[in-house]
Amino acid sequence: DIGVYTISEVALADIAAIATKGIKNVYPVKKDNSFVECKLNKQNEPVITISVRVKQGIDIVKLCNKIQDDVRENILLMTNLDVKKINIDIQGFKTK
């Protein structure tokens with residue numbers, strides 16, 4: 001053991017933002033990564049909230065599950081941290 005490392009809430013939010021931007025039919029509500037928020041809960045576990053718009057007519061439940069799965073997987077691969085709470089905030093719909 002030569003030391004410890006820490007991962008900031010901002011870094012976790014950035015990973016989640018990158019993962020979300022790669023999903024078809026999902027549109028971040030802001031151009032920078034601030035559409036993702038990461039806070040620690042009382043148990044010191046990260047809780048991620050992602051605010052997006054989605055393409056009109058898409059199965060929202062299926063799409064939200066994909067977002068959660070992709071974000072969880074990317075964070076796990078990059079940090080070895082299993083995030084248990086990923087909230088999706090649908091802000092509206094994008095039409096053609």
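Just so it is clear, the structure is predicted and the values come from calculations on it, not from any experiment.
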Taking a hydrophobic cluster as the set of Ile, Leu, Val, Met, Phe, Trp and Tyr residues connected by side-chain heavy atoms closer than 4.5 Å, whether directly or through intermediates, do I58 and V26 fall within one such cluster?
yes
Do D70 and R72 meet the salt-bridge criterion of a basic N to acidic O distance under 4.0 Å?
no
In Å, rounded to the nearest 0.5 Å, how long is the span from NZ of K66 to CG of D59?
13.5 Å
Measure across P46 and V83 and return the closest heavy-atom pair with its distance rounded to 0.1 Å.
O-CG1, 3.8 Å
Using side chain to side chain contact (heavy atoms under 4.5 Å, CB included) as the criterion, point out the one residue from D14, L12, I15, I7 that pairs with M78.
I15
For V54, the option from I90, I88, N25 that meets side chain to side chain contact (heavy atoms under 4.5 Å, CB included):
I90
Quick one: do I48 and Y27 end up in the same hydrophobic cluster if we chain Ile, Leu, Val, Met, Phe, Trp and Tyr together by side-chain heavy atoms under 4.5 Å apart?
no
So do I50 and V71 actually touch side chain to side chain, heavy atoms under 4.5 Å?
yes
Would you give the length of the straight line joining atom CG of N44 to atom CG of L40, rounded to the nearest 0.5 angstrom?
5.0 Å
Could you state the interatomic distance from OH (Y5) to CG (N80), rounded to the nearest 0.5 Å?
6.0 Å
Sort out for me which residue in V61, I67, L63 forms a side chain to side chain contact (heavy atoms under 4.5 Å, CB included) with N65.
V61
Please examine the side chains of V29 and R53, heavy atoms only from C-beta on, and report whether any two atoms are closer than 4.5 Å.
yes
Working for side chain to side chain contact (heavy atoms under 4.5 Å, CB included), residues T49 and V36
CA-CA 6 Å; T49 302; V36 178; over 6 Å; no
Check whether Q68 reaches the backbone of I86 with its side chain - one donor and one acceptor, N or O, closer than 3.5 Å.
yes
Is it true that atom NZ of K39 has more than 12 heavy atoms of other residues, nucleotides or ligands lying nearer than 6.0 Å?
no
Where is the tightest heavy-atom contact between D89 and Q91, given as atom of each residue plus distance?
OD2-NE2, 2.5 Å
If hydrophobic clusters are built from ILVMFWY residues whose side chains come within less than 4.5 Å, do I23 and I60 share one?
yes
Which atom pair, heavy atoms only, marks the closest approach of K21 to F35?
CE-CE2, 3.6 Å
Quick one: pull up NZ in K94 and CD in Q56 and give me the separation to the nearest 0.5 Å.
12.5 Å
